[in-house]
Amino acid sequence: MADEHPTVGTNFIRQIVLADQASGKQDGRVTTRFPPEPNGHLHLGHAKAICLDFGIAREFGGTCNLRLDDTNPGKEDPAFVEGIKDSVRWLGFEWNELRHASDYFEVFYRAALKLIEDGKAYVDDLNAEEVRDYRGTLTEPGRDSPYRNRTVEENLDLFKRMRAGEFADGSRTLRAKIDMASGNINLRDPALYRIRKITHQNAGDAWPIYPMYDFAHSLSDALEGITHSFCTLEFEDHRPLYDWCVDNVDLPNHPELWQPLIERGLRTAPSKPRQIEFARGNLSYTVMSKRKLATLVNDRLVDGWDDPRMPTLAGARRRGFTAAAIRTFWERAGVSKQNSVIDYGVLEACVREDLDARAPRRMAVLDPLKLTITNLPATHMETLVFPNHPKDESFGTREVPLSRDLLIEHEDFAEVPPKGFKRLVPGGEVRLRGIGIVKCDEAIKDAAGTVIELRCTLDPDSRHGTPGADRKVKGTIHWVSARHAIEAEVRLYDRLFDVADPDDETDGKTWLDHVNPDSRRSAPAYLEPSLRNAAPEQHFQFERIGYFVADRHDHTREAPVFNRAVNLRDAWSPSVR
RNA sequence: UGGGGCGUAGCCAAGCGGUAAGGCACCGGGUUUUGAUCCCGGCAUUCGCAGGUUCGAAUCCUGCCGCCCCAGCCA
């Protein structure tokens with residue numbers, strides 16, 4: 001992937017890392033991590049974080065770990081882990097080490113003990129409701145818990161008993177002793193540990209207590225030697241707590257805390273990581289929240305997590321979007337601290353750009369109209385050779401059979417053409433791609449008056465490859481030999497929502513009211529025979545129609561299935577609409 | 001009435017005291033056997049607003065205005 005799109009532009013994160021490396025901070029080392037919680041599928045928004053985390057590491061000669069943030073058993077499921085790994089690899093990245101926050105449970109526990117011994121954490125007996133009450137509000141300071149000043153000995157005893165499973169869920173917590181009057185609510189003695197007697201997906205029943213995000217995440221970063229820890233804007237006011245945990249536990253100077261890791265063979269070299277926040281990536285015409293995505297799947301509004309209309313990475317892949325396109329999309333979108341919504345069109349442009357360069361061309365007819373070349377014998381059979389790419393000879397050529405009876409796109413003929421129409425009209429001429437110029441002598445209609453066949457004559461002097469082929473005609477249309485065409489299912493996808501911002505309910509409608517009913521259409525199609533050899537996930541441009549991909553799961557040689565990733569830019573149809 | 005952020009074109013986004021990059025979109029024009037691609041050109045006298053400092057301000061200062069996030073024993 002040191003490929004296609006050179007790094008362009010800059011952003012504040014690159015500048016920070018560049019400056020840190022230049023000044024020799026952390027010995028000039030750059031280590032990052034991508035820390036998803038294994039409780040769902042990765043989507044395009046995660047791709048931004050993945051590109052940033054892995055991209056910065058690669059750009060600065062460092063490494064990036066994949067860390068599964070599994071600190072909340074019950075909400076998480078190891079089943080998601082494979083999907084996450086798969087998506088990260090598909091996007092083109094490889095992690096240095098695969099870790100789990102649960103790998104560090106023993107270290108977290110020892111770190112908590114240390115904080116207690118240092119008088120910086122205490123066991124609180126207040127229940128959830130009472131804690132909320134003591135916390136104060138945004139504008140009023142909180143009050144100290146009556147348990148805040150227990151002795152170190154009592155706290156140690158209580159915490160060890162919490163760990164031993166002596167207390168009921170929710171009956172106690174371990175809290176950091178910071179400042180109940182802080183304007184930053186995250187500093188009002190935040191919980192470090194809660195009691196949760198649930199089997200953990202990796203740790204089993206070893207722990208009746210589980211660490212909270214701020215405590216686990218900051219220490220995990222430090223343990224992995226992370227230098228730059230990127231996260232989204234909402235964690236900005238958690239940074240003081242992140243730093244508090246890192247500084248007060250002081251892993252580098254307390255190797256006894258992480259000795260268990262060394263014994264297990266987990267490379268550990270604690271650092272003083274720096275958290276840097278950036279704006280999460282939002283896309284227009286879609287929803288990205290885990291809850292809404294789950295609703296779409298559960299309510300059967302889509303056909304699963306990898307439905308080609310879903311903004312999940314599995315969905316984008318099946319849709320035919322390429323990893324390279326998604327990478328350049330996020331590079332192009334930039335990284336800043338401004339909440340924003342990027343136009344879906346930018347993503348489509350990236351997909352077209354990538355596929356224009358790498359998708360071989362083919363011809364396919366979606367809505368067939370019979371076209372007979374009357375001056376060719378009924379038995380005529382000829383093999384034409386077509387280049388696979390108009391600008392890149394390395395794509396080679398393919399053979400395309402030509403016979404007297406062809407199929408063309410119904411919309412490429414008009415009895416009464418709209419102004420500017422450049423295709424076939426009664427008595428008019430058009431070029432049949434790679435064949436020559438044909439003239440429409442007669443349009444045959446059925447009883448209902450629908451045109452069912454065009455009878456045309458081919459100008460032999462305009463045949464492709466002859467000097468006469470230079471003759472100018474207004475339009476060129478694609479075709480397929482009726483007798484040789486293979487039938488296939490073509491799935492035409494469009495944006496899942498009919499408004500740019502489905503989450504906006506000021507129009508009195510909910511996001512569900514904006515699901516686009518025409519976002520998926522399935523139709524039979526007639527393809528040139530060379531497409532019989534298409535392999536799943538292989539991309540093609542069906543000339544004049546769009547970019548397609550052989551469906552990853554349903555496509556077979558016997559029953560071909562192609563998904564439209566994106567249509568071609570069309571300077572014509574918008575004007576007639 | 002607390003704390004933390006952010007305001008540059010329709011959507012993103014560079015810019016870091018020396019006179020507004022780039023992309024998408026849009027509008028022209030050229031090439032073209034895909035109404036595609038490609039190529040050229042256009043698209044902010046102005047950076048949320050108002051003052052101030054300066055020879056010079058999107059960049060510095062002050063004051064307003066607007067938007068986002070925070071009161072889980074979620075992450």
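The sequence lines fix the lettering, A, B, ..., with proteins before strands; numbering per chain opens at 1. Just so you know, these numbers use all the heavy atoms, side chains as well, and skip hydrogens, waters and symmetry mates.
Listed pair A:S340 / B:A13 meets the phosphate criterion, a side-chain N or O lying under 4.0 Å from OP1 or OP2. At the phosphate of B:A75, OP1 or OP2 sits under 4.0 Å from a side-chain N or O atom of A:R194. The phosphate of B:A13 (OP1 or OP2) has a side-chain N or O of A:S336 nearer than 4.0 angstrom. Contact annotation: A:R196 side-chain N/O to B:C74 OP1/OP2 distance is under 4.0 Å. The shortest distance between the side-chain N/O atoms of A:Q15 and the OP1/OP2 oxygens of B:A14 is not below 4.0 Å. Side-chain N/O atoms of A:R569 include none lying less than 4.0 angstrom from OP1 or OP2 on B:U34.
For the C1' atom pair drawn from B:A21 and B:U46, the interatomic distance equals 15 Å after rounding to whole Å. Nucleotides B:G23 and B:G66 are separated by 27 Å at their C1' atoms, to the nearest Å. For the C1' atoms, the distance linking B:G51 with B:C43 amounts to 32 Å, nearest Å. A gap of 13 Å separates the P atoms of B:A20 and B:C16, to the nearest Å. Rounded to a whole angstrom, the distance from the P atom of B:C12 to that of B:A36 is 28 Å. Rounded to a whole angstrom, the distance from the C1' atom of B:C68 to that of B:C61 is 26 Å. Comparing B:U1 with B:A71, their C1' atoms are spaced 15 Å from each other, to the whole Å.
As rounded to whole Å, 17 Å separates atom C1' of B:A36 from atom CZ of A:R362. To the nearest angstrom, C1' of B:C69 lies 9 Å from CD of A:E236. Residue A:D501 contributes atom CG, which lies 18 Å from atom P of B:G10 at whole-angstrom precision. Rounded to whole angstrom, the span from the CD atom of A:E411 across to the C1' atom of B:U34 amounts to 13 Å. For the pair A:Q338 CD and B:G15 P, the computed distance is 13 Å after rounding to whole Å. Taking atom CD1 of residue A:I342 and atom P of nucleotide B:C24, one finds them 14 Å apart after rounding to whole Å. At whole-Å resolution of the value, CD1 in A:I178 and P in B:C70 are 19 Å apart. Between A:I545 atom CD1 and B:G35 atom P the separation is 11 Å, expressed in whole Å.
Side-chain atoms of A:R132 and base atoms of B:G72 include no donor and acceptor less than 3.5 Å apart. Scanning atom types as modelled, one donor and one acceptor separated by under 3.5 angstrom connect the side chain of A:D237 and the base of B:G3. Between the side chain of A:E140 and the base of B:U1, no donor-acceptor pair under 3.5 Å is found.
Side-chain atoms of A:N65 and A:R99 form no donor-acceptor pair, as typed in the model, at a separation below 3.5 Å.
If you check B:G2 for Watson-Crick or wobble pairing at under 3.5 angstrom, you find it paired to B:C70. Nucleotide B:U32 is matched to nothing when pairs are restricted to Watson-Crick or G-U wobble geometry with both distances under 3.5 angstrom. Base pairing annotation: B:G17 forms no Watson-Crick or G-U wobble pair, as no partner gives both donor-acceptor distances under 3.5 Å. Using Watson-Crick or G-U wobble geometry with both donor-acceptor distances under 3.5 Å, B:U62 finds its partner in B:A50. B:U45 makes up no base pair with any nucleotide shown, lacking Watson-Crick or G-U wobble contacts both under 3.5 Å.
Among the heavy atoms of the strands lying under 4.0 Å from A:P390 is at least one base atom, whether or not backbone atoms are also near. Here A:L126 lies in heavy-atom contact (under 4.0 Å) with a base. Residue A:D124 is out of contact with every strand shown, counting any heavy-atom pair closer than 4.0 Å. At the heavy-atom level, A:F421 lies under 4.0 Å from base atoms of the strands shown. Within 4.0 Å (heavy atoms only), A:V341 reaches sugar-phosphate atoms of the nucleic acid but no base atom. Base contact: A:G170 has a heavy atom under 4.0 Å from a base atom. Counting any heavy atom pair closer than 4.0 Å across all strands shown, A:H217 reaches no nucleic acid atom. Residue A:M212 is in sugar-phosphate contact alone, with no base atom involved, counting any heavy-atom pair closer than 4.0 Å across all strands shown. Looking at heavy-atom distances under 4.0 Å, A:T71 makes contact with sugar-phosphate atoms alone, never a base. A:F235 comes within 4.0 angstrom of a base, heavy atoms only.
For A:K337, the side-chain atoms get nearest to B:G5 when compared with the rest of B:G5, B:C70, B:C74. For A:L138, the side-chain atoms get nearest to B:A71 when compared with the rest of B:C73, B:A75, B:A71. Residue A:T139 places its side chain closer to B:G2 than to any other of B:C73, B:U34, B:G2.
Nearest approach of A:P240 to A:N184, heavy atoms of both residues: CG-ND2, 3.8 Å. Between A:S229 and A:D221, the shortest heavy-atom contact is OG-OD2, 2.6 Å.
Around CZ of A:R150, the count of heavy atoms belonging to other residues, nucleotides or ligands within 6.0 Å exceeds 12.
Between the side chain of A:R175 and the backbone N or O of A:S145, no donor-acceptor pair lies under 3.5 Å. In terms of modelled atom types and a separation under 3.5 Å, the side chain of A:D70 and the main chain of A:H100 share no donor-acceptor contact.
Partner of A:I408 under the side-chain contact (heavy atoms from CB on, under 4.5 Å) criterion, out of A:V480, A:L371, A:V438: A:L371 alone.
Listed by chain and number, the residues in a ring-ring contact (aromatic ring centres under 6.0 Å, His included) with A:F321 amount to none (sequence neighbours excluded).
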Below 3.5 Å between N/O atoms, which protein atoms pair up with nucleotides 64-68 of chain B? Just atom names and distances, please.
residue, atom, partner, partner atom, Å
B:C68, O2', A:N339, ND2, 3.2

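Each of A:A128 and A:A349 lies near RNA chain B, and the nucleotide nearest A:A349 is the one positioned closer to the 5' end. Nearest-nucleotide positions on RNA chain B place A:D343 closer to the 5' end than the other of A:Q541 and A:D343.
Comment: A:K472 does not engage A:E429 in a salt bridge, judged by the lack of any side-chain N to carboxylate O separation of less than 4.0 angstrom. The residues A:R358 and A:D392 are annotated as not salt-bridged, no charged nitrogen and carboxylate oxygen being separated by less than 4.0 angstrom. By the 4.0 Å N-to-carboxylate-O rule, A:R544 lies close enough to A:D412 to be salt-bridged with it. Using a cut-off of 4.0 Å between Lys/Arg side-chain N and Asp/Glu carboxylate O, A:R352 and A:D356 are scored as not salt-bridged. For the pair A:E348 and A:R495, the salt-bridge criterion is met [side-chain N within less than 4.0 Å of a carboxylate O]. With respect to the salt-bridge test (charged N to carboxylate O, under 4.0 angstrom), the residues A:E224 and A:R67 qualify.
Taking a centre distance below 5.5 Å and an interplanar angle below 30 degrees as the stacking criterion, A:Y213 does not stack against the six-membered base ring of B:A75.
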Quiz prompt | nucleotides 28-33 of chain B: protein proximity per nucleotide (B base, S sugar-phosphate only, - neither; heavy atom, under 4.0 Å) | solution = -----B
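Nucleotide B:G56 carries an anti base; the chi torsion (O4'-C1'-N9-C4 or O4'-C1'-N1-C2) is more than 90° from 0.
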